[in-house]
Amino acid sequence: MVNLPTPLIILLAFVLDLLFADPQVRWHPVRVIGQVAEFFCRFFYSLGRLGGLLTLLFTSIVFVGGVSFTVRLFPPLEILWLYFFIAPTSLQKEVLKVAEALQENISLARKRLSFLVGRETKNLDTSQCVRAAVETLAENFTDALVGPLFWYMVGGIYGVAFYKVCETLDSMYGYKTKKWLRFGYFSAKFDDILNFLPARLAGLFIVLASGLTGQNLWRAFRTMLADAHKHDSPNSGYTEAAMAGALGIELGGPVVYQGQFFEKERFGKPLREREVSDIFLAGKIIRLATFLIVATIVFLEVFLWKLGYPNLIELIMNELKGALIT
């Protein structure tokens, strides 16, 4: 069976996401990853960091192996896999539901927000809910779209499958709490490494989209450069700082995770108070950034496809092979 061109696979996966968003089904790949990880966690948790590494390794072998088997058996399934690995539409819809609830019922907004963030939301006021919603929208732009598409371009469906394993295990175990600090160490580190370039790319596209939506592009860019390093994550600060600068508000500050208080750095200057409308504006910026990044990746994939390579790794390996032969 003839493999479909990678640019077409990306476009079809993106169209499926636009039409159906991220389906909440029991056999969703992310849930499968979580179930496999929990199975291995039961055996390896007591080993601390080594146990976390073994859980990541065996989960990757099982999941990426399963993806490989199905795609080799029926190549068009690659479209479906990539569709499940991206989730920009659901991210935007769920965050906007928080904004809509904030206009009427803050209790409902807190509940909806609790499904999206790891922090405790039961005592947040309106401004803090806005902050959390904008932060998760900006931060997850990388995880929901830019990271998956970047690693698909680099390593094909196997590259994005491994990325999704690392991202999922980081969301499960990558907390700096007593329970998970050691076990989640390698999941968090691998997630940081894999998101190093995608996060910076995502930040730049937020900056570009902010300018095209009438916001202050240069303020967004300057804030990203000045404040991104303040984040306790080496990556998340780029998208959050860019969004803070674009909106002219302050993000970051204190949060409570699993009953523990953490004082986090702040991003952007508080040129005004945060408002519910900031969530809608952030959503507008992310929507445009989404189309821009998809168009860019598709263009690059067309270039690779014209050269006869399914991904960047194939191109690099071929060039290295040619250099060694000569």
Side-chain angles (χ1 to χ4, degrees), residues 87-104 106 108-121 123-146 195 199 202-217 219-224 226-228 230-233 235-257 262 264-290 293:
T89 301
S90 286
L91 170 64
Q92 294 164 36
K93 284 184 175 179
E94 293 304 314
V95 172
L96 290 179
K97 285 182 181 178
V98 175
E100 292 166 358
L102 277 173
Q103 295 175 325
E104 300 178 3
I106 191 170
L108 177 59
R110 290 167 179 160
K111 182 178 181 179
R112 287 180 174 175
L113 190 59
S114 69
F115 300 143
L116 302 176
V117 299
R119 73 192 70 179
E120 292 184 7
T121 62
N123 296 318
L124 299 184
D125 61 22
T126 298
S127 178
Q128 292 168 330
C129 286
V130 170
R131 170 197 150 193
V134 172
E135 285 175 358
T136 197
L137 184 60
E139 179 181 1
N140 286 292
F141 177 52
T142 303
D143 295 336
L145 184 70
V146 184
N195 275 319
L204 288 174
F205 273 87
I206 287 176
V207 169
L208 179 59
S210 69
L212 293 175
T213 54
Q215 306 311 303
N216 193 317
L217 182 150
R219 186 177 63 209
F221 185 62
R222 289 195 303 269
T223 304
M224 182 179 72
D227 292 353
K230 296 178 181 178
H231 204 286
D232 53 7
S233 162
N235 301 317
S236 298
Y238 284 85
T239 50
E240 290 188 29
M243 187 62 77
L247 300 178
I249 60 175
E250 181 183 80
L251 298 176
V255 293
V256 177
Y257 289 112
F262 295 88
K264 292 182 175 287
E265 294 288 348
R266 301 167 190 267
F267 312 99
K269 295 181 179 179
L271 302 179
R272 57 178 176 79
E273 294 295 321
R274 292 185 291 257
E275 302 173 352
V276 176
S277 60
D278 289 320
I279 304 177
F280 292 105
L281 184 52
K284 183 179 179 181
I285 292 172
I286 292 297
R287 279 195 299 275
L288 180 55
T290 294
I293 192 68

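These numbers come from the heavy atoms of this one structure, side chains and all, not from hydrogens, waters or symmetry mates.
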Checklist entry - What heavy-atom pair brings Ser210 and Ala220 nearest, and what distance separates the two atoms? => result OG-CB, 3.8 Å
Checklist entry - Any idea which heavy atoms bring Cys129 and Leu124 closest together, and the distance? => result SG-CB, 3.8 Å
Checklist entry - Does a salt bridge link Lys97 with Glu94, judged by any charged N lying under 4.0 Å from a carboxylate O? => result yes
Next on the checklist: I'd like to know if the side chain of Asp278 reaches the main chain of Arg274, judged simply by a donor and an acceptor atom lying under 3.5 Å from each other, with no hydrogens or angles considered.
Outcome noted: no
Checklist entry - Looking only at heavy atoms, which two atoms of Ala202 and Val146 are closest? And how far apart? => result CB-CG2, 3.8 Å
Item to check | Between Ser236 and Glu139, a side-chain donor and acceptor under 3.5 Å | outcome: yes
Next on the checklist: Just by distance, no angles: are the side chains of Thr223 and Asp227 close enough, under 3.5 Å, to form a donor-acceptor pair?
Outcome noted: no
Item to check | Salt-bridge criterion met for Asp125 and Arg131 (N-O under 4.0 Å) | outcome: no
Checklist entry - Can Ile249 and Arg272 be said to form a side-chain contact (heavy atoms from CB on, under 4.5 Å), step by step? => result CA-CA 6 Å; Ile249 60 175; Arg272 57 178 176 79; 3.7 Å; yes
Item to check | Heavy-atom side-chain proximity of Leu102 to Ile279 below 4.5 angstrom | outcome: yes
Checklist entry - What is the minimum heavy-atom distance between Arg112 and Ala101, and which atoms define it? => result NH1-CB, 3.8 Å
Item to check | Arg119/Glu135 salt bridge by N-O under 4.0 Å criterion | outcome: yes
Checklist entry - Leu247 versus Met243: any side-chain heavy-atom pair under 4.5 Å? => result yes
Checklist entry - Taking it one step at a time, do Phe267 and Glu250 satisfy side-chain contact (heavy atoms from CB on, under 4.5 Å)? => result CA-CA 6 Å; Phe267 312 99; Glu250 181 183 80; over 6 Å; no
Checklist entry - Heavy atoms, side chains only, cut-off 4.5 Å: are Glu265 and Asp232 in contact? => result no
Next on the checklist: I need the Lys264 NZ to Leu251 CG distance, nearest 0.5 Å.
Outcome noted: 13.0 Å
Checklist entry - Can you tell me how far the OG1 atom of Thr142 sits from the OH atom of Tyr238, to the nearest 0.5 Å? => result 12.0 Å
Item to check | Shortest non-hydrogen contact from Ala228 toward Ala241 | outcome: N-CB, 4.0 Å
Next on the checklist: What's the separation between atom OG in Ser233 and atom CD in Glu240, rounded to the nearest 0.5 Å?
Outcome noted: 8.5 Å
Item to check | Min side-chain heavy-atom separation Ile206-Ile285 under 4.5 Å | outcome: yes
Item to check | Derivation of the side-chain contact (heavy atoms from CB on, under 4.5 Å) call for Val98 and Leu96 | outcome: CA-CA 5 Å; Val98 175; Leu96 290 179; over 6 Å; no
Checklist entry - With a cut-off of 6.0 Å (strictly less than), are more than 12 heavy atoms of other residues, nucleotides or ligands near NZ of Lys269? => result no
Item to check | Worked verdict on Thr290 versus Phe141 for side-chain contact (heavy atoms from CB on, under 4.5 Å) | outcome: CA-CA 8 Å; Thr290 294; Phe141 177 52; 3.6 Å; yes
Item to check | Gln103 side, atom CD; Leu108 side, atom CG - distance, nearest 0.5 Å | outcome: 12.0 Å
Checklist entry - If you look at every heavy atom in Thr213 and Leu288, which pair is closest and at what distance? => result CG2-CD2, 3.7 Å
Item to check | Separation between CG of Leu145 and CD1 of Ile286, rounded to the nearest 0.5 Å | outcome: 9.5 Å
Checklist entry - Counting only N and O atoms by type, is there a donor-acceptor contact under 3.5 Å from the side chain of Arg266 to the main-chain atoms of Gly252? => result no
Checklist entry - Within a reach of under 6.0 Å around NZ of Lys111, are more than 12 heavy atoms found that belong to other residues, nucleotides or ligands? => result no
